[in-house]
Amino acid sequence: MINEYNKVLAWVTNPNACSKIIESAKKTADSLGAELLIVSIQSSIRNDWDKKAGDLEILNNTANENDAELTVIYSDNNLEAAFKCICDEEPTHMFCGMPGVIGHSDFIDALCSMANGAEVYSVDYLGNFVKIN
């Protein structure tokens, strides 16, 4: 039975890292009896449709393998889109990947400041996750 007050949100973009992020979020959602939400914010599609379509297919397949649905948000302002999603969904836990530059990511820093009480976890390529806020 899903606890309507707990939502676990996994932020994914990189198809190579998404499986560990989603698996870690799913473990937490299952342990809490929470709803699992998988969200990918994508910039407007320009000349790289084939690559984006392939990446989204991998993200969607990985979400489906973990009994979840992928929600894709198209926006050229990923922080604004993330803030709206957090306000709308009110997650209790959020999972994201590792910073591109070790120790720093504007997006991850913003997630922590927008968390509104949610616990934020960063997941590495091995599936280890650590609370970062």
Side-chain angles (χ1 to χ4, degrees):
M1 182 171 169
I2 292 184
N3 179 336
E4 64 186 74
Y5 299 107
N6 287 329
K7 291 184 183 178
V8 176
L9 198 159
W11 298 99
V12 295
T13 304
N14 181 342
N16 299 317
C18 73
S19 65
K20 296 302 180 186
I21 297 168
I22 293 171
E23 289 168 8
S24 297
K26 179 164 177 48
K27 286 179 191 172
T28 300
D30 287 348
S31 72
L32 296 170
E35 180 180 0
L36 175 60
L37 309 167
I38 313 295
V39 177
S40 181
I41 300 172
Q42 299 286 323
S43 62
S44 298
I45 297 174
R46 294 184 178 90
N47 294 326
D48 56 351
W49 171 248
D50 289 336
K51 180 178 179 343
K52 284 204 185 259
D55 289 354
L56 289 173
E57 183 176 6
I58 293 169
L59 295 173
N60 189 54
N61 289 342
T62 305
N64 289 336
E65 290 166 6
N66 286 277
D67 301 319
E69 290 184 16
L70 173 67
T71 299
V72 179
I73 300 170
Y74 289 100
S75 176
D76 287 326
N77 186 334
N78 62 350
L79 297 179
E80 182 180 294
F83 181 72
K84 181 172 181 348
C85 183
I86 291 167
C87 290
D88 290 348
E89 298 298 337
E90 299 179 344
T92 56
H93 300 75
M94 293 191 286
F95 286 77
C96 58
M98 298 293 291
V101 175
I102 300 301
H104 179 74
S105 165
D106 289 340
F107 184 77
I108 293 174
D109 291 346
L111 280 183
C112 290
S113 68
M114 292 185 267
N116 196 24
E119 296 178 6
V120 181
Y121 296 88
S122 181
V123 183
D124 69 15
Y125 284 106
L126 299 174
N128 302 307
F129 58 93
V130 62
K131 185 177 174 189
I132 58 173
N133 68 334

Linking I/L/V/M/F/W/Y whenever any side-chain heavy atoms sit under 4.5 Å apart, do Ile58 and Ile22 land together? no

Can you give me the closest heavy-atom contact between Asn6 and Leu32, atom names plus distance? ND2-O, 3.8 Å

Going through the distances and angles, do Leu70 and Val12 end up as a side-chain contact (heavy atoms from CB on, under 4.5 Å)? CA-CA 9 Å; Leu70 173 67; Val12 295; 4.2 Å; yes

Write down the atom of Ile73, the atom of Cys85, and the distance for their closest heavy-atom approach. CD1-CB, 4.2 Å

Can you tell me how far the CG atom of Asp55 sits from the OG atom of Ser40, to the nearest 0.5 Å? 8.5 Å

Determine the minimum heavy-atom distance between Ile21 and Ala10, stating which atoms define it. CG2-CB, 4.1 Å

Nearest non-hydrogen partners of Ser19 and Thr62, listed with the distance: CA-CG2, 3.5 Å

From Leu111 atom CG to Phe95 atom CZ, the distance as rounded to the nearest 0.5 Å: 12.5 Å

Where Cys87 and Glu90 come nearest, the two heavy atoms and their spacing: O-CG, 3.5 Å

Take Glu89 and Thr71 through the side-chain contact (heavy atoms from CB on, under 4.5 Å) test and state the conclusion after the steps. CA-CA 12 Å; Glu89 298 298 337; Thr71 299; over 6 Å; no

Taking Lys7's backbone N and O only, do any of them form a donor-acceptor pair with Thr92's side chain (distance below 3.5 Å, no angle check)? yes

From Asn133 atom CG to Asp109 atom CG, the distance as rounded to the nearest 0.5 Å: 11.0 Å

Rounded distance (nearest 0.5 Å) linking atom CE of Met94 with atom NZ of Lys131: 11.5 Å

Can you confirm whether Phe107 is buried at CZ, in the sense that more than 12 heavy atoms of other residues, nucleotides or ligands lie under 6.0 Å from that atom? yes

Donor-acceptor contacts under 3.5 Å from residues 120-127 side chains, at least two apart:
residue : atom : partner : partner atom : Å
Tyr121  : OH   : Glu119  : OE1          : 2.4
Ser122  : OG   : Gly97   : O            : 2.9
Asp124  : OD1  : Leu126  : N            : 2.9
Asp124  : OD1  : Gly127  : N            : 3.0
Asp124  : OD1  : Asn128  : N            : 2.9
Asp124  : OD2  : Asn128  : ND2          : 3.2

Looking at side-chain heavy atoms only, is the closest gap between Thr13 and Gln42 below 4.5 Å? yes

Quick one: pull up NZ in Lys52 and CG in Leu56 and give me the separation to the nearest 0.5 Å. 7.5 Å

Quick one: NE2 on His93 to CG on Leu9, what's the gap to the nearest 0.5 Å? 12.0 Å

Should we say atom CG of Asn64 is surrounded by more than 12 heavy atoms from elsewhere, each under 6.0 Å from it? yes

If I compare all heavy atoms of Tyr74 with all of Ser43, which pair ends up nearest, and what's the gap? CD2-O, 3.9 Å

